[in-house]
There are 2 protein chains.
Amino acid sequence: MNLSPLVQSFVLHFGEMGSRWGINRTVGQIYALLYVSEKPLNADEIAESLSFSRSNVSMGLKELESWRLVRLQHFPGDRREYFSTPDDVWAIFKTLAEERKKREVEPTLTMLRGAIMETPASDAERHAQQRMKEMHQLIELVTTWFSDIQHMDVETLQRLMKLGSQVQKILQFTHSLSKLTSRDGDRE
Amino acid sequence: MNLSPLVQSFVLHFGEMGSRWGINRTVGQIYALLYVSEKPLNADEIAESLSFSRSNVSMGLKELESWRLVRLQHFPGDRREYFSTPDDVWAIFKTLAEERKKREVEPTLTMLRGAIMETPASDAERHAQQRMKEMHQLIELVTTWFSDIQHMDVETLQRLMKLGSQVQKILQFTHSLSKLTSRDGDRE
DNA sequence: CTCAATTTTCAGGAATTTCTGAAACTTTGA
DNA sequence: TCAAAGTTTCAGAAATTCCTGAAAATTGAG
């Protein structure tokens, strides 16, 4: 199969960016190819299009499966497995965010929680622990917020995003509102 | 200098995570060490603490400078350069997000914009281009939203995050409000 | 069950990235 | 201007990661 110039540049770009995104060239290119492909592709087609060895493609697809970024399907009368990416870009985005969270931040949170539990044995440790607490607090806040947001339906999410920094105004409004109505509005 | 166990495990963790975050072991460890250190450290102290060669530390610090994650300072009567991380974790987070955006998404946006401009030469290209448009739109929306949010002051940002998915309710409220007051409230 | 089609595994070669020591460069104080 | 203190550069060694071909394992039709 011969890739058209447009597709080719897209595929090559994903290959090159791969290393920055923590995946390798093969995986990046395979994903890009599947993403723009009109129909699902089998491993041989992928290997041929990208000039990778069949085994390399197999490993790349396994990696993509572990990221839950590809879907697998079969066609009647054909034993080969066909791969594609979900159509809904929002779903893709959410999956990606979840996986990155699991791989890139969860382990750190665990480590931080452990470290914060320890009894500091020196002044230096006390200070270090304080810094870790600050980091932990921030990560915790940001990630739970993220998962909150992820569970919103796409409609609302888009509206929120389009609103941009204007949320600030609504927030200020409701904040002063709560100050008016609540007995201890300026606590916090 | 001898690292206390608490600091050591923190430093080692950052070293190991380094590769997942797109930086290397040295850079990860140096950053971690500076982050928990009570006072700024010079390159020799870092090299000794982490048992890296002096030159490796130099390259690592350069890398961290390019990420704008370390500050450089001097002490009177000492010609050596001392390094530290900003105290404010929110500032750190913002810097990190900006840099990652610059390195990991901006190039892709540029590529996508270019590809979308082209005139498709086939059916496959037409489809590919459509997919690229979807991706472009999503990335554009998410990143501009992100930079909107970044420009909010930390107070507001924290309030927004603590609110979590409850924004949804406020949003729904204001949405129906605008429907009531605006002549064409259900356009979008 | 058998066999051919297909996929996966894996040892080791290729490519890339990281790290070091030596040398070059820069800065500053005398 | 020079020398000492400090920093950066860079060639190549070391370590790691990627990729391949061959072989093993799996799958499903007959």
Side-chain angles (χ1 to χ4, degrees), chain A residues 1 11-34 40-67 70-84 103-104, chain B residues 1 11-34 40-67 70-84 103-104:
Chain A
M1 193 195 299
V11 163
L12 291 178
H13 176 89
F14 265 64
E16 275 161 30
M17 293 304 282
S19 57
R20 288 198 197 176
W21 299 334
I23 57 175
N24 64 33
R25 192 167 58 100
T26 316
V27 175
Q29 291 196 10
I30 294 175
Y31 184 78
L33 179 64
L34 292 176
L41 301 175
N42 64 45
D44 282 312
E45 289 171 327
I46 297 171
E48 219 229 297
S49 298
L50 305 177
S51 319
F52 290 141
S53 74
R54 182 62 190 69
S55 56
N56 196 8
V57 170
S58 173
M59 288 165 103
L61 286 169
K62 234 181 83 185
E63 170 91 6
L64 284 173
E65 284 185 89
S66 84
W67 281 86
V70 290
R71 279 182 319 157
L72 190 121
Q73 67 189 297
H74 286 274
F75 289 105
D78 190 339
R79 276 171 57 183
R80 286 169 298 182
E81 298 181 311
Y82 284 79
F83 297 87
S84 61
R103 291 156 195 243
E104 298 181 5
Chain B
M1 195 195 298
V11 163
L12 291 179
H13 176 88
F14 265 64
E16 274 161 32
M17 293 305 282
S19 57
R20 288 199 196 175
W21 299 335
I23 57 176
N24 64 32
R25 192 166 59 98
T26 315
V27 175
Q29 291 198 11
I30 293 175
Y31 185 79
L33 180 64
L34 292 176
L41 302 175
N42 65 46
D44 282 311
E45 290 171 328
I46 296 171
E48 219 229 298
S49 297
L50 305 176
S51 319
F52 289 142
S53 74
R54 183 62 189 69
S55 58
N56 197 8
V57 170
S58 172
M59 288 166 103
L61 286 169
K62 233 181 86 184
E63 171 90 5
L64 284 173
E65 284 184 89
S66 85
W67 282 85
V70 291
R71 279 182 319 157
L72 189 118
Q73 76 194 83
H74 286 275
F75 288 106
D78 189 339
R79 275 169 59 182
R80 286 169 299 181
E81 297 181 313
Y82 284 79
F83 297 87
S84 61
R103 292 158 195 243
E104 298 180 6

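Numbers restart at 1 for each chain; the letters A, B, ... are given by sequence-line order, proteins then strands. Computed over heavy atoms, backbone and side chain alike; hydrogens, waters and symmetry mates excluded.
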Requested in this report: Please state how far atom CD1 in I46(A) lies from atom P in dT8(C), giving the value in whole angstrom units.
Outcome: 11 Å

Query raised in the report: Just how far, in rounded Å, is P of dT6(C) from OH of Y82(A)?
Result: 9 Å

Report summary line: Of R54(B) and M59(B), the one whose closest nucleotide on DNA chain D sits nearer the 5' end is R54(B)

Requested in this report: For dT8(D), take OP1 and OP2 only and decide whether either is under 4.0 Å from a side-chain N or O of S58(B).
Outcome: yes

Query raised in the report: Is there a side-chain polar atom (N or O) of R25(A) under 4.0 Å from OP1 or OP2 of dC19(D)?
Result: yes

Query - Heavy-atom check, side chain of L34(B) versus side chain of I46(B), under 4.5 Å - result: yes

Requested in this report: Map H74(A) and T26(A) onto DNA chain D by nearest heavy atom, then report which one ends up closer to the 5' terminus.
Outcome: T26(A)

Query - Presence of donor-acceptor pair under 3.5 Å, side chain of S53(A) and base of dG21(D) - result: no

Requested in this report: Would you state whether a donor and an acceptor, one from the side chain of R79(B) and one from the base of dT27(C), lie under 3.5 Å apart?
Outcome: yes

Query - Under 3.5 Å: donor-acceptor pair, side chain of E45(A), backbone of N42(A) - result: yes

Requested in this report: Return the nearest nucleotide to the side chain of N24(B); candidates are dT8(C), dC19(D), dT18(C).
Outcome: dT18(C)

Query raised in the report: Checking ring-ring contact (aromatic ring centres under 6.0 Å, His included) against W21(B), which of W67(B), F14(B), Y31(B) comes through?
Result: F14(B)

**Report entry** Length of the line joining N56(A):CG and dG12(C):C1', which is rounded to integer Å
**Finding:** 15 Å

Requested in this report: Ignoring the backbone of F52(B), work out which of dT20(C), dT9(C), dT7(C) is nearest its side chain.
Outcome: dT20(C)

Query raised in the report: At under 4.0 Å, does any side-chain N or O of K62(A) touch on OP1 or OP2 of dT9(C)?
Result: yes

Query raised in the report: So which heavy atom on V11(B) is nearest to which on A32(B), and how close?
Result: CA-CB, 3.8 Å

Requested in this report: Round to a whole Å and report the spacing from CG of N42(A) to C1' of dT8(C).
Outcome: 16 Å

Query raised in the report: F75(A) CZ to dA5(C) P: how many Å, rounded?
Result: 21 Å

Query raised in the report: Just how far, in rounded Å, is P of dT7(C) from CD of E45(A)?
Result: 11 Å

Query raised in the report: Atom CG of L72(A) to atom C1' of dT27(D): distance rounded to whole Å?
Result: 13 Å

Report summary line: Taken to the nearest whole Å, CZ/R80(B) to P/dA4(D) is 17 Å

Report task. Hey, which sits more toward the 5' end of DNA chain C by its nearest nucleotide, S19(A) or E81(A)? Result -> E81(A)

Report task. Search all heavy atoms of Y82(A) against all heavy atoms of P40(A) and return the closest pair with its distance. Result -> CD2-O, 3.5 Å

